[in-house]
Amino acid sequence: MMNLYSGTTCPFSQRCRIVLYEKGMDFQIIDVDMYNKPEDIAAMNPYNRLPVLVERDLILYEANIINEYIDERFPHPQLMPPDPVQRARARLFLFSFEVELFSQIDAIENGNSKQQERARQLLFERLTQLSPVFAKQKFLLGEEFSMLDVALSPLLWRLDHYGIQLPKQAAPLMKYAERIFSRQAFIDALTPSEKVMRK
Ligand SMILES: N[C@@H](CCC(=O)N[C@@H](CS)C(=O)NCC(=O)O)C(=O)O
């Protein structure tokens, strides 16, 4: 059985929880209080960060690496594209989300007010730019929900919580977000502390 050590308010852990619920297999989620991390996290992950996945003698960290492993172990429903070229492109997208979007989360959660404001502005601009894509398609890769939607959704869920209000022209992106938020796996994967992040 897979055991996921997951931060109750951690957007990266949320990605892994979503994938576990989308797959509907047998797993256990171990809730970890981020402000009171047990020492065994550092023993499993040299970077002392969550999430961490343990399956027998396999220990994995980094949300996207964990998620690709789960996707390969349990191929239904497949969340990465089956074609190698499309899969490589999907990985480039995942990389750009980290560099351009999720890199701002630390500044919002832990930075001073100037750093927070800069990060909010950057996210506001990047997400607004992305919005027109969803006027033409349901999900990031087209008509099917994929790993890219999993990766982006914890940030979309936190927009209110992070004090980011997108402009009217981002309506297609917000509709897309609602489409993800209404998925049963997304709802099941929310922790009580995440549920209260959105009204
Ligand atoms: N790139 C990592 C980021 C993980 C990360 O930053 N996790 C945060 C919580 S959301 C963490 O554990 N930070 C260390 C700490 O709070 O001590 C991933 O994708 O898993």
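Heads up: numbering here begins at 1 and tracks the sequence. Just follow the structure's listing: the first ligand is 1, and inside any ligand the first atom is 1. Worth knowing before you read on, the calculation uses all heavy atoms, side chains too, and leaves out hydrogens, waters and symmetry mates.
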Are F186 and Y21 near enough that their ring centres are under 6.0 Å apart?
no
Hey, what else clusters with F95 if you join Ile, Leu, Val, Met, Phe, Trp, Tyr whenever side-chain heavy atoms sit under 4.5 Å?
V99
Once you measure the plane-to-plane angle for Y176 and F134, does it fall in the parallel (<30°), tilted (30-60°) or perpendicular (>60°) bin?
parallel
Distance under 4.0 Å, heavy atoms only, partner ligand 1: which residues pass?
C10, P11, F12, M34, K37, N48, R49, L50, P51, E62, A63
I'd like to know whether CD of E178 has more than 12 heavy-atom contacts from other residues, nucleotides or ligands below 6.0 angstrom.
yes
Quick check on the 6.0 Å ring-centre criterion: do F145 and F139 meet it?
yes
Using the ring of F181 (Phe, Tyr or Trp, six-membered ring only), decide whether R198 places NZ or CZ under 6.0 Å from its centre and within 45 degrees of its axis.
no
